[in-house]
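Written below as structure tokens is the structure these notes are about.
Below, read A as the first sequence line, B as the second, and so on, with proteins coming before strands; counting in each chain starts at 1.
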There are 4 protein chains.
Amino acid sequence: MPDSTPRRYPDRNKTSREKITTAALTEFADKGLAGARIDRIATAAGVNKAMIYYHFSSKDNLYEQVVDEFVGDLMGRISQAISDKATVETGLMQLDEVYTELVTEYPEFPRLLLRELADPGGRMIGRISRILVKSGNPARMQRLLRRGVAGGRLRRINVRQALVSFLTMNIGYFLMAPLLDKVMDIKDRKRFVKERKKAVVDLFLNGVRAR
Amino acid sequence: MPDSTPRRYPDRNKTSREKITTAALTEFADKGLAGARIDRIATAAGVNKAMIYYHFSSKDNLYEQVVDEFVGDLMGRISQAISDKATVETGLMQLDEVYTELVTEYPEFPRLLLRELADPGGRMIGRISRILVKSGNPARMQRLLRRGVAGGRLRRINVRQALVSFLTMNIGYFLMAPLLDKVMDIKDRKRFVKERKKAVVDLFLNGVRAR
Amino acid sequence: MPDSTPRRYPDRNKTSREKITTAALTEFADKGLAGARIDRIATAAGVNKAMIYYHFSSKDNLYEQVVDEFVGDLMGRISQAISDKATVETGLMQLDEVYTELVTEYPEFPRLLLRELADPGGRMIGRISRILVKSGNPARMQRLLRRGVAGGRLRRINVRQALVSFLTMNIGYFLMAPLLDKVMDIKDRKRFVKERKKAVVDLFLNGVRAR
Amino acid sequence: MPDSTPRRYPDRNKTSREKITTAALTEFADKGLAGARIDRIATAAGVNKAMIYYHFSSKDNLYEQVVDEFVGDLMGRISQAISDKATVETGLMQLDEVYTELVTEYPEFPRLLLRELADPGGRMIGRISRILVKSGNPARMQRLLRRGVAGGRLRRINVRQALVSFLTMNIGYFLMAPLLDKVMDIKDRKRFVKERKKAVVDLFLNGVRAR
DNA sequence: AATGAATGAGAATTCATTCAT
DNA sequence: AATGAATGAATTCTCATTCAT
């Protein structure tokens, strides 16, 4: 059973493994692991149901593989996005940029993440955090902020809290968009997202900058 | 079928309807609607499976009832929490306080919310937003900020963005805690939560305050 | 899930658990565990397929339960059948009698046994042997023969081998009947079985008796 | 499809047909026809699943072919083993010898036989019996015994019953070994088998001999 | 002769829901 | 209000078999 075969990227002329992966990603994002239906995935992928078992051997395993590949790809992009020589300002800007891009390009991501965050047994969380930590970005950001504090350019803030604040302001909106859009009566989400980058970085910098 | 009998949250001397409600809340928070099992709920509640149908007529309906009651209770508490005469500072502090309390007292809440946020068909989101809007809190907060801007005490910020930032900094941490705790290497969550209130309000106020 | 509920014997007015047990016994004897079909058992028992899972939770478990109950019943009858004060002659006669009766009354037995004998993982063998050993019959028979040898009434035979020979002559025919009937051109099996008891005991006694 | 290509049992330099045959024999002995898996056979044989269909066209056919070849080989050895001029004593000895040898050399045999004996639709039984009958051995043995009775050297026994007894004492032990070893507490099976030949013939001869 | 991928027809198992009592 | 038994409609998973190369 070819469970972890290589994948080729070109979208056209997909192998059936790839077709399954794609269909499964959507289904899992839409319905979650428990709500997903193998039948539906097979139909969407245009393959025989048994094919899914041929390639992935079980629903649970399919979920894992799909999420793994997906998260792996995403995280790869995040890792590259931040250069070491960035200043606080450019660093934050870059990060913000990347998050927005990712979420826009891969709308399945926030939904998968939401479900996994709710799931005590989920392993995606652990995987993502490991990748993020390994990427060195969180550490780098902390260093950046710490240096700013030490150099007197930033107030004497709790760096960890500040970083958490920055992250939640960024990703948090995307996660809670369905709710926030209604509560805050946001009609034009696209525009709001565009404005948001600047607003977030602006609020954050003003919030931490020494006066 | 008596679908909306009186309810008390206290633990002792529960009616079987209450026992079901309690067990179901946990199950739904743990597994989501699709992953929840009537059997498990019945067992956890110590009642017969048929009893659930006697009281709630279907799984979907059970979910709705349970979530409704739960959300209703929660929102009631939020609504009361913010007095009209608050200043920006005290208003934010109060809000923050309430969120933290809620999430700590009702750990099922963030998980239910996470799942609903992931679910395009979910109706809990609509319900919550309606309640929140009706409570007038978001509008009040906006007014508060707008006045601050007008009076020159606050910078010329985008008020809506700022409010979204405040909300995501608050709730966002609780929603993403499983991930953030790992990425940011937060060992003592209790302490972090305690510090957080101040850190958030502090960052926010400094971020918006005119200089 | 009521997995080991008591059973009541009257054949009419059977509970569905009993109906399942009966149907399953036949199916398993006919087709073996791997060849048996839950669907067929349900139909034969006149119950819904899900009922089988309600009562037995899995095919494997059903098999085990059914075989266990069955073997337990059978062995109970064998255990009682041999009185302690028997002489070699009457003892052997009694044993022979019992085997023949059992096999005639419970034709499923030899077939279940055949399949289990072929199955390295089978647990029925262990169970039967334990029951037989506990019944004390094999030991008693050995003692009987040993005494005969010591008293000079029997030749100096290997008692264990002799006993094995006796047992195989008895049960062996029933197990191998489909083959032996053809090879030996046995047309009237009933008559052959009737004659057999005497023939076996006669051969055995003459074979072991001192001359 | 080349269904009856030459075969050699020796291990080295096997054609893939032979590899399949060997693997299938083990699988069928282990699990029976219904329990056998084409996948497992292919893996064990180190060939692709489709290869099996190329050579044998179906699972049932594979079973038949494999069992046929196997039984054919075995029976060939039995047929040769008994010379016409044997006395009762030597004839029995020879037979016994052969059975023991066969079962020792081809441990799959008793297990295949057991399963076939349990299967009402099995055709192996018919095939074996036909071969045995054609070999003339049973008839020869009957004649031998009959002559002994007529000549007064043997008691006036039922010859058919006696022969059945002899056969069951021989093969019966091998078939029921898993059970008998436990019940009779046989620790050293090898030694027991060695002793058994003599014990069986001895018991039998003494059982039938005129006194 | 040989293989990896693909398939259709089952087969076991699950689960929300209902029924009789 | 309460329960154990029962059910139908999925749903996951399996497996013999075939296809394209």
Side-chain angles (χ1 to χ4, degrees), chain A residues 1-2 5 15-17 19-20 34-42 45-62, chain B residues 1-2 5 15-17 20 33-42 45-62, chain C residues 1-2 5 15-17 19-20 34-42 45-62, chain D residues 1-2 5 15-17 20 33-42 45-62:
Chain A
M1 270 133 273
T5 11
T15 67
S16 59
R17 193 187 188 280
K19 285 190 265 172
I20 293 168
R37 292 293 170 261
I38 293 290
D39 248 348
R40 235 164 7 215
I41 295 174
V47 304
N48 185 286
K49 220 187 342 179
M51 228 26 237
I52 294 180
Y53 290 90
Y54 177 70
H55 283 298
F56 297 93
S57 78
S58 81
K59 186 186 176 184
D60 281 2
N61 187 241
L62 171 61
Chain B
M1 264 138 277
T5 15
T15 67
S16 66
R17 192 186 190 282
I20 292 168
L33 174 51
R37 293 294 169 261
I38 293 290
D39 248 345
R40 232 161 14 209
I41 295 174
V47 306
N48 186 281
K49 229 194 322 188
M51 234 18 246
I52 294 180
Y53 287 88
Y54 178 74
H55 283 298
F56 297 92
S57 78
S58 84
K59 187 188 178 184
D60 281 1
N61 187 59
L62 171 62
Chain C
M1 271 131 270
T5 12
T15 66
S16 60
R17 191 184 191 281
K19 284 189 267 174
I20 293 168
R37 291 294 170 258
I38 292 290
D39 248 347
R40 231 160 17 210
I41 295 174
V47 304
N48 185 288
K49 223 189 336 179
M51 230 23 239
I52 293 180
Y53 290 90
Y54 178 72
H55 283 297
F56 297 95
S57 76
S58 83
K59 188 186 176 185
D60 281 4
N61 187 240
L62 172 62
Chain D
M1 265 138 275
T5 15
T15 68
S16 67
R17 190 185 192 282
I20 293 168
L33 174 51
R37 293 292 170 261
I38 294 290
D39 249 344
R40 230 161 14 210
I41 294 174
V47 305
N48 185 282
K49 228 192 328 184
M51 237 15 249
I52 294 180
Y53 288 88
Y54 178 74
H55 283 298
F56 296 93
S57 78
S58 84
K59 187 187 180 185
D60 281 2
N61 187 57
L62 171 62

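- An OP1 or OP2 oxygen of E:dA6 is reached within less than 4.0 angstrom by no side-chain nitrogen or oxygen of A:Tyr54.
- Within the nucleic acid shown, C:Ala36 comes within 4.0 Å of sugar-phosphate atoms alone, with no base atom in reach, counting heavy atoms only.
- Of all non-hydrogen atoms in B:Ala42 and B:Asn48, the two that sit nearest each other are CB-C, 4.1 Å.
- Contact check, A:Tyr53 against F:dT14: no side-chain N or O comes under 4.0 Å of OP1 or OP2.
- For the side-chain contact (heavy atoms from CB on, under 4.5 Å) with A:His55, the qualifying choice from A:Asn61, A:Leu62, A:Ile20 is A:Ile20, the only one to do so.
- Phosphate proximity of F:dA16 to D:Arg37: present, with a side-chain N or O under 4.0 Å from OP1 or OP2.
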In dot-bracket form, 5' to 3', how is DNA chain F paired? Count Watson-Crick and G-U wobble pairs only if both distances fall under 3.5 Å, and write | where the partner sits on another strand. .||||||||||||||||||||
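- DNA chain F lies under 4.0 Å from at least one heavy atom of each of the following residues of residues 45-52 of chain B: B:Val47, B:Asn48, B:Lys49, B:Ala50, B:Met51.
- Note that NZ of C:Lys49 and CD1 of C:Ile38 are 9.0 Å apart. Values are rounded to the nearest 0.5 Å.
- In this entry the distance linking CG of D:Asp60 with P of F:dC15 reads 16 Å, nearest Å.
- Protein atom CD1 of C:Ile20 is 8 Å distant from nucleotide atom P of F:dA6, rounded to whole Å.
- With a 4.5 Å cut-off on side-chain heavy atoms, D:Lys59 and D:Leu33 count as touching.
- Both D:Ser58 and A:Lys59 lie close to DNA chain F; mapped to their nearest nucleotides by heavy-atom distance, the more 5′-ward contact belongs to A:Lys59.
- Regarding contacts with the backbone of E:dA2, a side-chain N or O of D:Ser16 is found under 4.0 angstrom from either OP1 or OP2.
- In this entry the distance linking CZ of B:Phe56 with C1' of E:dT17 reads 16 Å, nearest Å.
- Rounded to a whole Å, the NE2 atom of A:His55 is 16 Å from the P atom of F:dT14.
- Rounded to whole Å, atom P of F:dC13 lies 12 Å from atom CG of A:Asp39.
- Remark: P of E:dA9 and CD1 of D:Ile38 are 19 Å apart, rounded to the nearest angstrom.
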